[in-house]
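Each ligand, and each atom within it, is numbered from 1 in the order the structure gives. Since the structure is predicted, the reported quantities are computational estimates derived from the model, not experimental observations.
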Amino acid sequence: MPKFRDADEPTLKNISHAIFRHMAVTPRDAAAIILLKDKEDPKVFWVKRNPKLQFMGGYHAFPGGQLDKGDNLIQVKGCEGEESVMRVCAVREFFEEAGVLLARGTANLSLERISDKRRSMAEGTKSFKQILDEDNLEIVSLDLEPAGRWVTPHFAPRRFDTWFFLAWMPEGQEALIETGELETGEWIRPADALAQWKKGEITMAPPTLHIIRTLAAHADNIGELQNALAAIPEAKRATVRRIELRPGIFLFPVRTPTLPPATHTNCYIVGGQEMVVIDPASPYAEEQQELDKFIDGLVAERRRVKEIIITHLHPDHIGGAAHLRDRLGVPIAAHRLTADRISYTVAVDRLIEDNDIIELQGDPGWRLRALNTPGHARGHLCFYEENAGAIITGDLVVGIGTVVIDPPEGNMKQYFDSLHRLLSLPRLSILFPAHGPAIASAREKIEEYIKHRTMRENKILSAVQAGAGFPNEIVEAAYGDVDPSLWGLAERSTIAHLEKLQEEGRVNRRDDGSYQAR
Ligand SMILES: [Zn+2]
């Protein structure tokens with residue numbers, strides 16, 4: 001028998017994890033260009049993506065994008081097949097995004113002519129093939145050196161198999177970004193880019209960080225650059241395991257029994273010389289071993305784990321905690337309300353209260369502030385690092401899908417209060433959720449959550465005012481835009497909203513369980 005006390009009430013009562021609407025995604029082909037200039041003192045052209053974008057919003061990256069069906073119509077001198085088509089993709093995307101056309105023959109063209117071409121492509125009046133052919137421009141394989149191929153890890157809502165190419169800025173052209181998808185674009189010394197990241201000012205995905213680091217290390221030895229860029233397994237399509245979007249915050253997705261089709265929970269390893277492991281979530285031996293190996297790697301860098309922390313009680317967050325405690329001999333810590341509820345599976349050694357500071361030694365040292373943030377779960381904890389404005393958000397805010405608020409563990413009024421509490425923090429920059437990718441536009445994301453829930457609540461209130469009484473009737477009226485297969489879960493959220501509205505004196509609950517407007 002399942003160990004839930006209310007197991008006779010099927011599924012819905014037990015479902016209070018975050019839910020996900022995406023299917024496991026196969027990576028799509030994409031290409032990007034690492035464009036350099038000044039051989040004596042190399043600078044690279046990088047962009048900051050618009051914070052509003054779903055995929056890597058607010059991240060720094062290199063211009064590039066997805067393969068287009070017209071890309072295979074163009075010949076590249078010196079190669080064929082995939083090698084050719086991915087170079088075309090890279091050159092086209094770079095031209096669209098940054099305005100530099102990496103084709104032979106452009107030296108004869110005026111800047112005006114080149115920007116006219118870009119405009120006609122943006123307006124759709126000419127294809128990329130046409131703008132190359134009309135001036136006999138030619139893409140040459142040698143101008144674009146392969147610099148690794150990276151696959152987005154499994155936990156992301158959108159995944160790419162990205163070919164990176166190294167190229168040099170042609171004489172007489174200008175790099176100028178197309179705003180919209182991108183916020184800024186600039187030439188920067190790789191060492192300066194790395195320094196910004198180390199200060200916690202910017203966010204980079206693993207390939208960008210690897211490339212910037214390698215460029216910084218090889219600035220005076222450019223001949224070695226191409227080999228160095230492709231030297232690590234991750235640059236040859238191996239699974240990316242070291243995800244350090246901000247210094248000292250490692251995101252390690254592990255496979256968990258979360259709700260299908262979701263497959264992973266993000267475990268975080270945070271700190272300097274001393275570190276904490278937050279939500280070692282996987283109950284599966286092979287995933288626990290992967291995490292063990294990763295932690296061994298950090299230990300080999302003269303770091304040590306001080307403590308294991310659990311954000312909240314749900315099974316897709318606690319599965320590997322006991323194993324890790326046995327292996328490392330360190331305590332498990334959680335909020336009192338979590339400790340009480342999970343005592344039958346994991347014994348918690350130390351209790352964390354709201355506003356407790358977790359100090360971690362290192363250079364720099366770390367101070368993580370625990371925030372009791374109920375709403376999704378009563379004993380839910382977020383962890384806040386003020387200097388970087390970073391929050392480990394658990395299931396309060398997630399990188400993909402919707403957070404289920406399932407009473408009585410879930411409470412909508414508390415959920416709103418917790419979101420507002422995050423907004424009131426002095427510095428806010430990046431969110432590290434337990435599911436899906438990190439969110440580099442923290443404030444916008446939290447505001448969007450509040451706005452969305454408020455919109456839903458208004459619909460629920462309108463439905464009640466229009467005469468819908470029982471939760472299932474209210475769901476039909478208020479969730480018309482949502483797939484009916486999710487209405488069961490939506491009903492749990494609706495009840496949570498109704499409880500909030502009742503507490504605020506805006507609806508009454510009748511004895512038969514139906515609601516009426518006040
Ligand atoms: Zn949860």
- Distance-only polar pair, side chains of Arg159 and Thr26, donor-acceptor under 3.5 Å: no
Please state whether the separation between the Zn ion (ligand 1) and some N/O/S atom of [X] is under 2.8 Å?
X: His317; result: no
X: His314; result: yes
X: Asp395; result: yes

- Which residues satisfy the side-chain contact (heavy atoms from CB on, under 4.5 Å) test with Ala230, sequence neighbours excluded? none
- Name whichever N, O or S atom of His376 ends up nearest to the Zn ion (ligand 1). NE2
- Query: Which residues satisfy the ring-ring contact (aromatic ring centres under 6.0 Å, His included) test with Phe432, sequence neighbours excluded?
  - Reply: Tyr268
- His60 vs Ile212 side-chain heavy atoms within contact, under 4.5 Å: no
